[in-house]
S.K.: 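Structure incoming, see below.
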Amino acid sequence: MKYKTMKVKAKKGYVYTSTKLTKRGVYLTKYKNKVMTTKKAYLIKVPGKPAVWYDRVSSKNKKMNGYVYNNYLKGRLQI
């Protein structure tokens, strides 16, 4: 699902670097105040679990990017 670019902050969780959610990137509780942008959400199905929405996020310097569980994001402000 595509929507307008939004600024978000993460409450908890991980940034996954692959769409299969097998490779964990950054642990987000260390970066609670880090502002990231998102403009796409993906319905991802992992074997043995129900399908859930993950947002594609990236930081301003592009060093932190990947997929974050939709409910772990807060502060959706449209740009």
Side-chain angles (χ1 to χ4, degrees):
M1 176 175 24
K2 204 172 188 181
Y3 43 81
K4 289 185 179 182
T5 302
M6 295 184 213
K7 291 183 179 179
V8 293
K9 291 183 180 181
K11 295 186 268 186
K12 59 181 178 178
Y14 288 94
V15 174
Y16 290 94
T17 57
S18 71
T19 55
K20 294 181 182 181
L21 308 178
T22 55
K23 297 178 184 177
R24 287 184 180 172
V26 179
Y27 187 52
L28 290 172
T29 54
K30 295 179 182 179
Y31 299 97
K32 284 186 179 181
N33 295 321
K34 181 83 169 170
V35 175
M36 299 177 282
T37 57
T38 180
K39 61 182 176 180
K40 285 187 180 181
Y42 297 90
L43 188 62
I44 297 177
K45 173 74 172 135
V46 176
K49 296 184 180 182
V52 293
W53 287 97
Y54 278 78
D55 278 43
R56 173 83 175 153
V57 297
S58 63
S59 62
K60 190 173 183 177
N61 62 4
K62 306 293 185 208
K63 287 187 177 181
M64 182 179 0
N65 55 28
Y67 302 90
V68 178
Y69 179 55
N70 195 308
N71 290 341
Y72 290 163
L73 299 174
K74 64 179 179 177
R76 291 176 179 261
L77 305 172
Q78 290 188 3
I79 297 174

S.K.: Within a 6.0 Å radius of atom NZ on Lys39, are there more than 12 heavy atoms belonging to other residues, nucleotides or ligands?
M.R.: no

S.K.: Can you tell me which residue among Val35, Thr37, Asn70, Leu73 is in a side chain to side chain contact (heavy atoms under 4.5 Å, CB included) with Val8?
M.R.: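 Of the listed options, the one satisfying the test is Leu73.
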
S.K.: Quick one: closest heavy-atom pair of Gly25 and Thr17, and the distance?
M.R.: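 Reported closest heavy-atom pair: CA-CG2, 4.2 Å.
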
S.K.: Which pair of non-hydrogen atoms, one from Leu21 and one from Val46, has the smallest distance, and what is that distance?
M.R.: CD1-CG2, 3.6 Å

S.K.: Can you label the angle between the Tyr14 ring and the Tyr27 ring as parallel, tilted or perpendicular, going by 30° and 60°?
M.R.: tilted

S.K.: Looking only at non-hydrogen atoms, find the nearest pair between Lys11 and Lys32 and report the distance.
M.R.: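 Closest heavy-atom pair between Lys11 and Lys32: O-CE, 3.4 Å.
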
S.K.: Set out, in order, the CA-CA distance, both residues' side-chain angles and the distance that settles side-chain contact (heavy atoms from CB on, under 4.5 Å) for Thr19 and Tyr54, then state yes or no.
M.R.: CA-CA 9 Å; Thr19 55; Tyr54 278 78; over 6 Å; no

S.K.: Looking at residues at least two apart in the chain, or sitting in another chain, which of them share a side chain to side chain donor-acceptor pair (under 3.5 Å) with Tyr69?
M.R.: Asn71

S.K.: Is it true that atom NZ of Lys12 has more than 12 heavy atoms of other residues, nucleotides or ligands lying nearer than 6.0 Å?
M.R.: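 No, not enclosed.
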
S.K.: Is any side-chain heavy atom of Ile44 closer than 4.5 Å to a side-chain heavy atom of Tyr16?
M.R.: no

S.K.: Which pair of non-hydrogen atoms, one from Lys40 and one from Tyr3, has the smallest distance, and what is that distance?
M.R.: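 Nearest heavy atoms, Lys40 then Tyr3: O-OH, 3.8 Å.
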
S.K.: I need the minimum non-hydrogen distance between Ala10 and Leu28, along with the two atoms involved.
M.R.: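 In this case the closest contact between Ala10 and Leu28 is CB-CD1, 3.5 Å.
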
S.K.: Provide the closest heavy-atom pair for Asn33 versus Lys9 in the form atom of the first, atom of the second, distance.
M.R.: O-CE, 3.9 Å

S.K.: Test of understanding: with side chain to side chain donor-acceptor pair (under 3.5 Å), list the residues that count as partners of Asn61, not counting sequence neighbours.
M.R.: Ser59

S.K.: Tell me every residue that passes side chain to side chain donor-acceptor pair (under 3.5 Å) with Ser18, counting only those two or more places apart in sequence or in another chain.
M.R.: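 Testing Ser18 for side chain to side chain donor-acceptor pair (under 3.5 Å), a comparison that skips the adjacent residues, returns Thr22.
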
S.K.: Taking the side chain as every heavy atom from C-beta outward, state whether Tyr31 and Val26 have any atom pair closer than 4.5 Å.
M.R.: yes

S.K.: Got a second to check how far Thr38's OG1 is from Met6's CE, nearest 0.5 Å?
M.R.: 7.5 Å

